[in-house]
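This is a predicted model, so every value here is computed, not measured. The figures that follow rest on heavy atoms only: side chains count, while hydrogens, waters and symmetry mates do not.
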Amino acid sequence: MAHVVQPLDQPSNYKDSQSRVERAKQNDLLSKSTTLYIGNLSFYTTEEQIYELFTKCASPEDGGGIKRIIMGLDRNTRTPCGFCFVEYYTHAEALASMKYVSGTKLDERIIRCDLDLGYKEGRQFGRGKSGGQVRDEHRQDYDPGRGGWGAQAQRLEAERRREVEERYADAQEGPGAVAGGGGDWKESETVVPSRKRGRSPDDEGDNVRMGHHRSRDDMEVERM
């Protein structure tokens, strides 16, 4: 009788796209694998949170447990980029995690778990053009847990802002540009003091006397 519900401890169609192993060999390796690939993580989820969740499926009494956790990193910034590898000591523990942990929430995100062929050095880095995961390269939605907009949308926005800044700089420096600032020259303008001497009471008397003498002279001219 066929299964009505697909067993939760069976691997999905996830495969490492760069693996050179034939499909039949891959299936054989997955049937013994102790490594899980964990996807759809938040960029802010820590290794401690992952350990706390996945250790619930560990069986230390049977010689098992978590061997190590390898955080997925942005190739350029070396910061978490939304995936990791969890290595157990036994295959049964990996299957238990697929059955009980995959599809649950961690940091308010539904994570997925798949059996992996095994971690190799270099696989911890994202393969997208921007350094992160390929799925975040062309993403059109805004996801705050995975860096906001997709990498391509962020590049386009950065280019748009750079063009606006360049146009603004050209407008400030090109022909006919309006000089910025203004008014500063007034603060530095030197006020030259007047050389005119102030009037004194003596000056008033001199002016009166000078006016009197001029009047007498004018009268003599008129008589002549």
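Put simply, the side chain of T55 never gets that close to the backbone of E52: no donor and acceptor are under 3.5 Å apart. Under the 3.5 Å distance criterion, the side-chain polar atoms of Y88 are matched with a main-chain donor or acceptor of F54. No donor-acceptor distance shorter than 3.5 angstrom exists from the side chain of E87 to the backbone of F85, with no hydrogens or angles considered. At distances below 3.5 Å, not a single donor-acceptor pair connects side-chain atoms of D62 with backbone N or O atoms of G64. Listed for the Q26 side chain is no donor-acceptor partner under 3.5 Å among the backbone atoms of A24. Judged by distance alone, with hydrogens and angles left aside, the side-chain atoms of Q133 form no donor-acceptor pair with the main-chain N or O of R127 at under 3.5 Å. Looking at R78, its side chain never comes within 3.5 Å of a backbone N or O of F125 through a donor-acceptor pair. S33 places a side-chain N or O within 3.5 Å of a backbone atom of T35 that can act as its donor or acceptor partner. No donor-acceptor pair under 3.5 Å is formed between the side chain of S102 and the backbone N or O of K99.
A cation-pi arrangement is not found for R123 relative to F83, the charged atom failing to lie both closer than 6.0 Å to the ring centre and inside a 45° cone about the ring normal.
Between atom CD of residue E108 and atom OG of residue S42 there is a gap of 10.5 Å, rounded to the nearest 0.5 Å. Rounded to the nearest 0.5 angstrom, I66 CD1 and Y51 OH are separated by 5.5 Å. To the nearest 0.5 angstrom, I38 atom CD1 is 3.5 Å from C113 atom SG. With rounding to the nearest 0.5 angstrom, the CG atom of D107 is 13.5 Å from the CD1 atom of I110. Put simply, CG on L29 and CD on E22 are 11.5 Å apart, with the number rounded to the nearest 0.5 Å. Atom CG of residue L53 and atom CD of residue E48 lie 13.5 Å apart, to the nearest 0.5 angstrom.
Between D143 and R135 there is no salt bridge, since no side-chain nitrogen of the basic residue lies less than 4.0 Å from a carboxylate oxygen of the acidic one. For D141 and R139, the salt-bridge test passes: some basic side-chain N is under 4.0 Å from an acidic carboxylate O.
The two residues Y44 and P144 come nearest to each other via the heavy atoms CE1-O, 3.5 Å. The two residues H91 and L30 make their nearest non-hydrogen contact at CE1-O, 3.3 Å.
Side-chain polar atoms of T79 and D74 form no donor-acceptor pair below 3.5 angstrom. With hydrogens and angles left out, the side-chain atoms of R112 and N40 include no donor and acceptor closer than 3.5 Å. Donor-acceptor pairing under 3.5 Å is lacking for the side chains of E93 and T34.
Looking only at side-chain heavy atoms (C-beta outward), F43 and D136 come within less than 4.5 Å of each other. S130 has its side chain within reach of E137: a pair of non-hydrogen atoms, C-beta onward, lies under 4.5 Å apart. Between L106 and T45 there is a side-chain heavy-atom pair separated by less than 4.5 Å. You'll find the side chain of V101 stays beyond 4.5 Å of the side chain of K56, heavy atoms only. Inter-residue side-chain proximity for M71 and I69 is flagged as met; some heavy-atom pair is nearer than 4.5 Å.
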(request) Just do the side-chain contact (heavy atoms from CB on, under 4.5 Å) check on I50 and V86 with the steps written out, would you? (result) CA-CA 9 Å; I50 295 170; V86 176; 4.0 Å; yes

(request) Could you go through the side-chain contact (heavy atoms from CB on, under 4.5 Å) check for L41 and R109 one step at a time? (result) CA-CA 7 Å; L41 291 172; R109 303 185 66 85; 5.9 Å; no

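Within a 6.0 Å radius of CD in Q49, more than 12 heavy atoms belonging to other residues, nucleotides or ligands are found. Crowding of E61 atom CD: a count of heavy atoms from other residues, nucleotides or ligands under 6.0 Å exceeding 12.
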